[in-house]
J.: 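One structure follows; several queries about it will come next.
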2 protein chains.
Amino acid sequence: MTQNSNAALFLEKKLLGSLPGLSIDCVIFGYKNHELFILLLQWKHDNMWSLPGGFIHKDEDMDKAAYRVLKERTGLDSIFLSQFHTFGNRDRIGKEHENSLKKRQLLLKELYKNQPKIIEWLNKRFITTGYFALVDINQTNPKPDFMTIQCAWQSIKSIPSTIMDHREIIEKALQQLRIQLNYLPVGLSLLPTKFTMQDLQKLYEAILQKKLERSNFQRKMLKLDVLVRHEKQMTGAANKAPYLYSFNQEKYDLLLKKGIGLSF
Amino acid sequence: MTQNSNAALFLEKKLLGSLPGLSIDCVIFGYKNHELFILLLQWKHDNMWSLPGGFIHKDEDMDKAAYRVLKERTGLDSIFLSQFHTFGNRDRIGKEHENSLKKRQLLLKELYKNQPKIIEWLNKRFITTGYFALVDINQTNPKPDFMTIQCAWQSIKSIPSTIMDHREIIEKALQQLRIQLNYLPVGLSLLPTKFTMQDLQKLYEAILQKKLERSNFQRKMLKLDVLVRHEKQMTGAANKAPYLYSFNQEKYDLLLKKGIGLSF
DNA sequence: AATTTATTATGTTAATTTGACACAATAATA
DNA sequence: TATTATTGTGTCAAATTAACATAATAAATT
């Protein structure tokens with residue numbers, strides 16, 4: 001129980017110093033093996049999965065809070081992060097299975113039985129603002145905290161059961177990622193510094209969820225004049241080795257400001 | 001003072017029944033004389049202008065609240081409305097000139113001197129979610145309420161002094177309008193049912209803030225296969241009269257779903 | 001009634017972009 | 001040395017674009 005008491009103490013300070021009724025949830029995108037992944041947490045009380053989230057301190061900018069939450073979960077700062085939607089449906093908590101909702105409420109009552117303020121704080125209706133992050137999956141080392149069993153990258157093709165409306169939040173993030181594609185640094189943020197043209201193409205295919213023609217994709221990308229070609233990469237495969245590329249960050253940033261203008 | 005008391009009573013019920021620390025602000029776009037306009041309110045206490053805004057009832061979906069606010073101000077329902085950003089900077093209230101902030105606080109204290117709960121409620125830090133609306137300016141009949149002197153359409157080329165960070169909110173709305181242009185029903189929602197090709201072109205020019213070539217614009221628009229041509233319109237001017245067009249709504253909606261895909 | 005004026009509808013053309021496919025180059029394997 | 005899979009580059013017809021040209025026309029002017 002000591003561990004629980006410590007945890008309770010920690011949470012009390014954190015919660016009562018935050019804005020009530022408001023939270024932040026992060027959809028953290030990574031890219032590996034030509035697939036898009038999202039970083040999710042699995043909770044102790046019911047094994048359900050959730051987005052890494054948190055609260056806004058009373059004297060903290062909301063965007064800063066999002067960066068802090070992200071840092072707490074991935075250890076990374078200076079990540080690309082962008083707000084995409086705020087979810088304010090009255091019944092958004094009710095989209096969860098009743099079973100796990102009850103379990104969590106019991107857990108909370110047990111944990112805070114002598115702290116009605118916290119119980120009250122947590123039982124409120126919450127409105128949450130969604131941010132999406134674009135990270136180089138190899139640079140992350142996510143770790144679970146005391147409320148969660150594990151913290152794992154899940155393919156967007158097989159998202160496990162989530163709490164509340166987190167599934168919906170993920171879908172909206174994906175949709176916004178597609179709509180804003182020409183204004184987001186997906187290439188620079190999701191790929192390692194050096195990458196092949198195939199990596200870049202498969203990334204676009206994963207986001208747009210459609211196949212693109214190889215040679216035409218290469219032509220379009222090179223004409224943007226933001227890629228730098230490096231030495232070839234010997235893959236070990238029985239075929240011609242591909243060149244490596246990286247972004248000229250200045251040119252890329254300039255291009256993003258007015259929109260890449262690609263249409264597929 | 002009776003009027004003020006009634007107003008205070010009305011507000012008390014409204015405020016204490018709403019979620020604390022959260023508000024909604026609407027950037028209502030209209031289009032007239034080939035220019036974009038925004039509907040703004042001018043306040044009694046300091047003559048500053050603000051976006052029409054409101055609060056979320058405790059049992060109300062946030063999107064519903066936005067529709068309600070809009071209805072209260074314009075009398076219109078079934079308007080195109082879309083959330084675009086949530087503003088959560090710690091000092092967003094501080095962006096206003098200190099002078100008018102003090103004036104408003106004095107006004108509130110006078111109005112609610114026996115209602116500390118309301119004073120407390122209103123003095124909180126607020127986070128606001130911005131929605132933009134696209135309306136046919138001719139269908140609206142905006143009226144000020146008891147807190148405001150007037151309610152007027154202002155050209156985006158000359159926005160008057162606003163309270164708090166409302167100027168910033170307007171800029172962000174315009175930016176999002178541009179980025180999402182290919183996914184928004186700007187033509188259908190901002191124009192009257194029947195319009196000329198010039199109307200449509202000037203609308204795009206107002207949003208994109210650049211000139212477009214007339215004959216090429218016409219060709220691109222017609223090829224989308226969403227416009228219906230009607231009889232000609234005799235303008236009274238000494239020149240050839242233009243055709244009128246309207247949207248085939250079904251086709252237009254279908255097109256919007258996957259994005260119009262126009263690039264200028 | 002003929003002429004002028006401003007604006008619209010439509011046409012033309014060269015340059016550019018696109019989609020679809022072809023083919024040679026090449027790193028490892030058989 | 002031949003085979004294999006994948007890459008870099010080329011080709012080419014079709015589509016699209018930007019820029020400009022021309023004809024149509026509603027009202028005003030003469």
Side-chain angles (χ1 to χ4, degrees), chain A residues 33-35 181-182 187 191-192 194-247 255 258-264, chain B residues 33-35 181-182 187 191-192 194-206 208-248 255 258-264:
Chain A
N33 303 333
H34 297 165
E35 261 190 277
L181 187 54
N182 275 322
L191 295 171
K194 292 187 179 180
F195 52 87
T196 67
M197 193 59 81
Q198 197 193 46
D199 291 333
L200 187 59
Q201 183 185 335
K202 298 291 176 185
L203 170 56
Y204 269 80
E205 290 180 351
I207 294 173
L208 296 169
Q209 297 188 311
K210 66 162 131 174
K211 291 268 173 211
L212 303 172
E213 208 283 329
R214 192 176 55 85
S215 69
N216 295 333
F217 179 85
Q218 169 138 338
R219 179 156 36 90
K220 283 187 187 180
M221 279 297 163
L222 290 177
K223 196 151 70 64
L224 295 178
D225 188 32
V226 295
L227 290 176
V228 182
R229 179 183 278 187
H230 300 276
E231 75 287 2
K232 287 195 175 182
Q233 176 188 44
M234 299 303 163
T235 56
N239 51 39
K240 188 173 179 179
Y243 286 111
L244 287 181
Y245 294 89
S246 68
F247 283 98
L255 184 62
K258 45 177 186 167
I260 297 183
L262 285 174
S263 64
F264 294 107
Chain B
N33 304 333
H34 299 165
E35 261 189 277
L181 187 53
N182 276 321
L191 295 172
K194 291 186 179 181
F195 51 88
T196 67
M197 194 56 81
Q198 197 193 46
D199 292 332
L200 187 58
Q201 183 184 335
K202 297 292 177 185
L203 171 56
Y204 268 81
E205 290 180 352
L208 296 170
Q209 296 188 310
K210 65 162 135 174
K211 292 264 173 217
L212 303 173
E213 208 282 330
R214 194 175 54 84
S215 70
N216 294 333
F217 179 85
Q218 169 138 336
R219 182 154 31 83
K220 281 186 188 182
M221 278 299 164
L222 290 177
K223 198 152 67 67
L224 295 179
D225 188 32
V226 295
L227 290 176
V228 182
R229 180 183 277 187
H230 299 277
E231 75 287 3
K232 286 195 175 182
Q233 178 187 41
M234 299 303 164
T235 55
N239 50 40
K240 186 174 179 180
Y243 286 110
L244 288 180
Y245 295 89
S246 67
F247 284 98
N248 176 325
L255 184 61
K258 45 177 185 167
I260 298 183
L262 285 175
S263 63
F264 294 106

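Just so it is clear: chains get the letters A, B, ... in the order the sequence lines come, proteins before strands, and each one is counted from 1.
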J.: Restricting to nitrogen or oxygen on both sides, can you table the protein-nucleotides 2-8 of chain C pairs closer than 3.5 Å?
T.:
unit_1 : atom_1 : unit_2   : atom_2 : d
C:dT5  : O2     : B:Ala238 : O      : 3.0
C:dA6  : N3     : B:Ala238 : O      : 3.4
C:dT7  : O4'    : B:Asn239 : ND2    : 3.0
C:dT8  : O2     : B:Lys240 : NZ     : 3.3

J.: State which residues pass side-chain contact (heavy atoms from CB on, under 4.5 Å) with A:Lys232; sequence neighbours excluded, sorted by chain then number.
T.: A:Lys240, A:Tyr243

J.: Specify the separation, in whole Å, of atom CD of B:Glu213 and atom C1' of C:dG11.
T.: 13 Å

J.: The criterion is ring-ring contact (aromatic ring centres under 6.0 Å, His included); which residues satisfy it with A:Tyr204, sequence neighbours excluded?
T.: A:Phe217, A:Phe264

J.: May I ask you to decide if B:Asn33's main-chain N or O and B:Lys202's side chain share a donor-acceptor pair within less than 3.5 Å?
T.: no

J.: Determine whether A:Phe195 and A:Leu227 make a side-chain contact, defined as any pair of heavy atoms from C-beta on separated by less than 4.5 Å.
T.: yes

J.: Atom CZ of B:Phe264 to atom P of D:dT16: distance rounded to whole Å?
T.: 15 Å

J.: Once you round to the nearest 0.5 Å, how far does CZ of A:Phe247 lie from CG of A:Leu200?
T.: 5.0 Å

J.: Measure CG/B:Asn216 against P/C:dT10 and give the value in whole Å, please.
T.: 15 Å

J.: Under the rule for side-chain contact (heavy atoms from CB on, under 4.5 Å), what residues qualify as partners of A:Asn182, not counting sequence neighbours?
T.: A:Ile260, A:Leu262

J.: Mind checking what makes side-chain contact (heavy atoms from CB on, under 4.5 Å) contact with A:Ala237, not counting sequence neighbours?
T.: A:Thr235, A:Asn239

J.: Nearest-Å distance, CG (B:Leu212) to P (D:dA19)?
T.: 11 Å

J.: CZ of A:Arg219 to CE of A:Met197: how many Å apart, nearest 0.5 Å?
T.: 12.0 Å

J.: What are the residues of residues 219-235 of chain A, sorted by number, that bring a heavy atom to within less than 4.0 Å of DNA chain C?
T.: A:Arg219, A:Lys220, A:Lys223, A:Met234

J.: If you find the nucleotide of DNA chain D closest to B:Gly236 and the one closest to B:Ser263, which residue's nucleotide is nearer the 5' end?
T.: B:Ser263

J.: Would you mind telling me which residue lines up with the more 5' stretch of DNA chain C, A:Ser215 or B:Tyr245, judged by nearest nucleotide?
T.: B:Tyr245

